[in-house]
Amino acid sequence: MVSSTHVGRYREIAEVLARHGLGFLSGITGLERWVPFHHGVLGHEPRGMPYTNPEHLRLAFEQLGPMFIKLGQLLSTRSDLLPPEYLQELARLQDGAPPVPVETVRRLVQQELGDVPEELFAGFDGEPLASASIGQAHAAILKDGTRVVVKVRRPGVVARIQEDLEILQNLAAQAARRWEAADDDDLTGLAEEFARTLRAELDYLQEGRNAERFAGNFAGDPDIHIPRVFWRTTTSRVLTLERISGVKIDDLEGLDRAGIDRRPLAGRAVAAIA
């Protein structure tokens, strides 16, 4: 039984999949009834070379929004589920999104922390450092001069992700009934685990607690630094962290410019994970 409140979203998902030539996914998940295939579904951006199937999947996930972007990022690590060309393409998924207007950010901070950013911080940059699908990060300075990053959760993102997670779990159950491979891979179990993980990511209080737990676990390791959480300016929708600078581990040229020997770095990373 499909909730009447989700009908429009089911249809939107089905149409996006069809637009990108992914109608087979609609078939195994039961979405085909939401798309008028006989009308034809258009919308590709023109280019000289045709899109590959992995590119279509990435583009579809980007178009469908935060939950699907996160799902694609997870799938990009699952070599047991997808062939290399899909893993490589999904790894290109960026968690970017158009910036939230600074007035909206100021209003949300005031609702959560009781005052506008200009009163809570010695400095607050209205231009975001990064704008992702779930939250937006702003550079700020505490009254004692500490440089921090303030993450603000996007308005309305929780309701959309909760709806999409419910739909995803329903589709996984449909696929398990229609497609033997989906049942063999425990697609419903994977969807449930993904839903639990993503719901936790929506709560900045839990993210802060996790950061402190990691900091405690690695307190004696001089090679690992976990940003400090500033709880006086943290809620479930706003997270204030110590600002640290560095080089992304996959920025090989940046690591070389910084004089970082990649071999021992890789060893320390493996030791931390183990």
Please determine whether residues [X] and [Y] belong to a single hydrophobic cluster, defined as Ile, Leu, Val, Met, Phe, Trp and Tyr linked transitively by side-chain heavy-atom distances below 4.5 Å.
X	Y	result
L168	I13	yes
L190	L82	yes
L239	L108	no
V109	L142	yes
L87	L90	yes

Atom pair [atom1]/[atom2] of [X] and [Y] - distance to nearest 0.5 Å:
X	Y	atom1	atom2	value
E15	Q63	CD	CD	10.0 Å
R232	L120	CZ	CG	10.0 Å
D223	L265	CG	CG	9.5 Å
T104	Q136	OG1	CD	9.0 Å
Q169	Q174	CD	CD	13.5 Å
M67	I161	CE	CD1	8.5 Å

More than 12 heavy atoms of other groups within 6.0 Å of [X] [atom1]:
X	atom1	result
R228	CZ	no
E118	CD	yes
F214	CZ	no

Do you see a donor-acceptor pair shorter than 3.5 Å between the side chains of R154 and S131? yes

Does a donor on one side chain and an acceptor on the other come within less than 3.5 Å for R199 and Q162? yes

Contacts of L74 that satisfy side chain to side chain contact (heavy atoms under 4.5 Å, CB included) - sequence neighbours left out: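 Residues passing side chain to side chain contact (heavy atoms under 4.5 Å, CB included) with L74: T77, F194.
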
So F61 and F68, would you call those rings parallel, tilted or perpendicular, with 30° and 60° as cut-offs? tilted

Where do [X] and [Y] come nearest, in terms of heavy atoms and distance?
X	Y	result
P227	I244	CG-CD1, 3.9 Å
T240	T233	OG1-O, 2.6 Å
V247	A258	CG2-CB, 4.4 Å
F124	P117	CG-CB, 3.6 Å
A140	V150	CB-CG2, 3.8 Å
E207	E201	OE1-O, 4.4 Å

May I have all residue pairs that pass side chain to side chain donor-acceptor pair (under 3.5 Å) and include part of residues 241-250, sequence neighbours excluded? H225-E242

Could you tell me whether [X] and [Y] have a side-chain N and a carboxylate O separated by less than 4.0 Å?
X	Y	value
E212	R209	no
R58	E62	yes
R268	D221	no
D261	R263	no

Side chains of [X] and [Y], heavy atoms from C-beta outward: is any pair under 4.5 Å?
X	Y	result
V238	K151	no
V229	T234	yes
L129	V149	yes
I249	R262	no
L75	Y86	no
K70	L93	no

Side chain to side chain contact (heavy atoms under 4.5 Å, CB included) between I167 and Y10, intermediate numbers included: CA-CA 8 Å; I167 289 173; Y10 273 103; 3.7 Å; yes

Derivation of the side chain to side chain contact (heavy atoms under 4.5 Å, CB included) call for Y204 and R153: CA-CA 8 Å; Y204 285 166; R153 199 175 68 198; 4.0 Å; yes

